[in-house]
Number of protein chains: 2
Amino acid sequence: MAKWTIKDIAKKAGVSITTVSRVLNQKEEGMSEETREKVIRVIKEAQYQPNQFARGLVTKQSKLLGLIVPTIANPFFPELCRGAEDEANKRNYSLVICNSDDKSEKEERYLRVLKEQQVDGIILLSKDRLSPSSEELIKEGKIPCTLLDRGIEGNKYPAVFLDNETGGYLAGKHLIDLGHRRISCITGPLSIRNSFERVIGFRRALEETGLDHQDLLQIEGDFTIESGYELAKNLLMKNDITAIFACNDLMALGVYQAAHELNIKIPGELSVIGFDDIPIVSSLIPKLTTIRQDTYEMGRKAVQLLINQIETGKTESVQFSPSLITRESTAARKIEE
Amino acid sequence: MAKWTIKDIAKKAGVSITTVSRVLNQKEEGMSEETREKVIRVIKEAQYQPNQFARGLVTKQSKLLGLIVPTIANPFFPELCRGAEDEANKRNYSLVICNSDDKSEKEERYLRVLKEQQVDGIILLSKDRLSPSSEELIKEGKIPCTLLDRGIEGNKYPAVFLDNETGGYLAGKHLIDLGHRRISCITGPLSIRNSFERVIGFRRALEETGLDHQDLLQIEGDFTIESGYELAKNLLMKNDITAIFACNDLMALGVYQAAHELNIKIPGELSVIGFDDIPIVSSLIPKLTTIRQDTYEMGRKAVQLLINQIETGKTESVQFSPSLITRESTAARKIEE
DNA sequence: TTGTAAGCGTTATCAA
DNA sequence: TTGATAACGCTTACAA
């Protein structure tokens with residue numbers, strides 16, 4: 001038989017389609033053990049699989065979840081995807097992963113497509129501020145949506161965020177504790193709240209020690225290796241600093257490169273601290289000290305909240321705490337300075 | 001209105017649902033410009049979106065494609081996903097990405113789920129040999145399927161592969177040309193044909209120069225940073241070699257670490273060449289010489305072949321060629337040796 | 001314990 | 001140029 005339908009199964013088992021449907025949906029009541037077994041046998045034999053289209057048309061559920069990420073190219077996101085996927089599968093959902101390239105048009109397009117695919121919910125790693133049409137799409141479409149990692153609308157929608165301010169503070173405190181005073185910070189795009197908060201926290205640490213803003217050389221990067229490299233090179237050629245806080249690991253990688261080219265030793269002459277703790281940085285030379293966020297868990301949690309929302313209607317937000325991972329790229333300021 | 005259906009649109013526009021459907025599906029013929037415009041206006045106003053369930057039930061198409069990857073954790077795969085996604089979107093499909101962890105059970109589970117979700121086709125990065133039940137699932141389900149990157153069943157199914165043998169050869173030739181003779185090769189799991197072929201090609205290059213197998217220290221790794229590190233450390237402590245071919249970039253990263261700990265300079269005392277050209281290796285210190293495969297394009301191509309197969313029934317396979325990217329981690333053997 | 005039949009929102013066939 | 005209507009494969013009241 002080309003494609004078995006519930007009807008074929010019913011006929012072959014000598015029961016009605018209702019009975020087959022009951023078996024399929026694990027409805028325990030109202031059926032003799034005998035009938036159930038017979039049906040199950042036929043289903044197995046035929047390798048029958050229910051058609052989601054027909055099912056969804058009635059139940060209005062696709063068991064599909066959408067995940068929109070800004071760039072899968074940043075090693076930060078694969079981890080997050082894995083966490084999200086694992087949790088989704090555990091709960092019997094599948095994940096449609098979309099890559100918005102951080103562009104509003106693509107994001108909106110995906111939102112539309114996902115809605116059309118009848119996904120049961122969406123996890124959105126968006127720009128800080130949802131574009132009006134994105135927001136409308138979510139609201140009007142009444143699709144449960146969880147914000148992840150980014151976005152200032154966390155109070156309007158359930159969300160999973162990292163406490164970036166504390167992360168920045170941890171980084172600053174660490175450098176200060178090591179005795180550094182001439183410090184530079186290569187930030188992410190300041191239009192993104194995440195980056196901005198990291199800087200705020202970082203500054204708070206410096207201010208606690210009595211350093212004022214003048215002491216902090218702050219320049220704005222864009223979270224890419226290249227920007228880290230370019231900015232650090234420029235910075236190191238013109239200034240005499242002993243430590244750099246790169247607001248993500250990718251930019252820290254760029255700092256490594258710049259320092260190497262200028263023949264500046266890390267951590268001997270320059271301490272470097274990153275942010276994220278993406279998988280490869282523990283294998284760099286020297287191993288990168290960084291602020292860790294548990295991306296895998298954040299992905300998992302986001303899916304958990306989303307499915308809870310879908311199934312029970314309850315919404316909830318969660319904030320994760322970053323932690324300092326001390327490795328080899330930071331060291332105490334040399335005394336002879 | 002809670003949720004607009006084609007019926008609501010029809011009523012509001014004062015036409016039949018057939019007409020609305022025609023507009024929706026861009027059927028040009030048989031409609032006055034006036035009617036079309038009226039319908040379009042109503043659709044826009046209502047922000048109406050067709051329901052894929054109902055649509056799929058009739059057309060048997062989901063516009064969904066499945067992509068099963070072994071580990072999204074290897075930076076090799078995100079690139080591939082991006083390529084696949086971009087092409088899919090261009091052709092109006094969405095991509096469901098699944099992570100099999102290289103486990104047959106997970107792969108089979110996903111195959112089943114994807115089939116149940118009625119995906120129109122599947123791109124599979126599988127183990128070399130499809131497990132019997134995976135194969136049955138594909139064959140019996142009659143789902144178009146394209147193999148990517150791995151698998152020896154390339155002649156049975158349409159596939160996109162890299163010419164790994166040539167890649168290995170290129171690596172070997174490069175080291176030989178630089179004057180190296182005491183060379184080691186850290187392979188991937190030899191049960192995977194990809195790894196095996198890289199070694200074969202590599203050896204061919206050595207043999208051409210008259211080196212026999214004795215000269216090649218070959219050890220088997222598992223494509224992780226850790227295995228590269230452990231094996232290289234062991235190797236470098238016990239042997240006097242001047243070059244290492246790591247069969248993927250991640251293991252090359254491990255080699256860097258080991259060499260660093262043993263205070264062996266790259267490329268001064270040891271040349272290292274990798275395989276893949278994952279994004280970050282051009283930012284390592286020193287920048288890694290490697291064999292590049294165009295992962296993004298391979299992902300794109302796989303989707304292209306798959307959609308062609310879905311839409312026209314034509315199957316086709318493609319082989320990609322690797323290329324040598326010379327950077328800083330390889331150098332001529334020192335004369336004084 | 002089991003079955004009948006309505007209905008989900010589309011597309012497609014055929015008729016007007 | 002348009003419109004009724006059957007059909008797609010399933011779930012679910014309701015009936016038996």
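Basis for what follows: all heavy atoms, side chains included, without hydrogens, waters or symmetry-related copies.
Between D:dT2, D:dG9, D:dC10, one nucleotide has an atom nearer to the side chain of B:K60 than all others, and that is D:dG9. Counting only heavy atoms from C-beta on, A:P50 has its side chain closest to D:dC10 among D:dC10, C:dT11, C:dT2. Here the side chain of B:S16 is nearest to one of D:dG3, C:dT10, C:dG9, namely D:dG3. Of the listed nucleotides (C:dG3, C:dC8, C:dG9), C:dG9 has the atom at the smallest distance from the side chain of B:L57. Listed candidates were C:dG3, D:dT11, C:dT10. Nearest to the side chain of A:R22 is C:dG3. Of the listed nucleotides (D:dC10, D:dC8, D:dG3), D:dG3 has the atom at the smallest distance from the side chain of B:T18.
Close to C:dT2, at under 4.0 Å from its OP1 or OP2, lies a side-chain N or O of A:T35. Contact annotation: A:Y48 side-chain N/O to D:dC10 OP1/OP2 distance is under 4.0 Å. Of the side-chain N and O atoms in B:N25, one or more sit less than 4.0 angstrom from OP1 or OP2 of C:dT11. A:S21 has a side-chain polar atom (N or O) that falls below the 4.0 Å cut-off from OP1 or OP2 of D:dT11.
Remark: C1' of D:dC8 and CD of B:Q118 are 12 Å apart, rounded to the nearest angstrom. Regarding A:I6, its CD1 atom lies at a distance of 14 Å from the P atom of C:dT4, rounded to whole Å. Distance A:Q61 CD to C:dC8 P: 17 Å, rounded to the nearest Å. In this structure, CD1 of A:I9 is placed 15 Å from P of C:dG3, rounded to the nearest angstrom. Here the C1' atom of nucleotide C:dT4 and the NZ atom of A:K7 are 13 Å apart, to the nearest Å. Across the protein-nucleic acid pair, B:N51 atom CG and D:dG9 atom P stand 17 Å apart, rounded to whole Å. At whole-Å resolution of the value, CD in B:E37 and C1' in D:dT1 are 16 Å apart. As a whole-Å value, the separation of A:I43 CD1 from D:dC10 C1' is 13 Å.
Of the candidates B:C145, B:P144, B:P158, B:T315 forms a side chain to side chain contact (heavy atoms under 4.5 Å, CB included) with just one, namely B:P158.
Using a 3.5 Å distance cut-off with no hydrogens or angles, the side chains of B:S131 and B:E108 do pair a donor with an acceptor.
Between the side chain of B:D120 and the main chain of B:Q61, no donor-acceptor pair closer than 3.5 Å is present. In this structure a side-chain-to-backbone donor-acceptor pair under 3.5 Å is present from A:T295 to A:Q293.
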Practice prompt. In sequence, state the C-alpha distance, the side-chain angles, and the governing distance for A:Q304 and A:R91, and then conclude on side chain to side chain contact (heavy atoms under 4.5 Å, CB included).
Written response: CA-CA 9 Å; A:Q304 221 169 294; A:R91 303 271 225 121; 4.2 Å; yes
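Along DNA chain D, the nucleotide closest to A:T59 and the one closest to B:V58 are compared, and the more 5′ of them pairs with B:V58.
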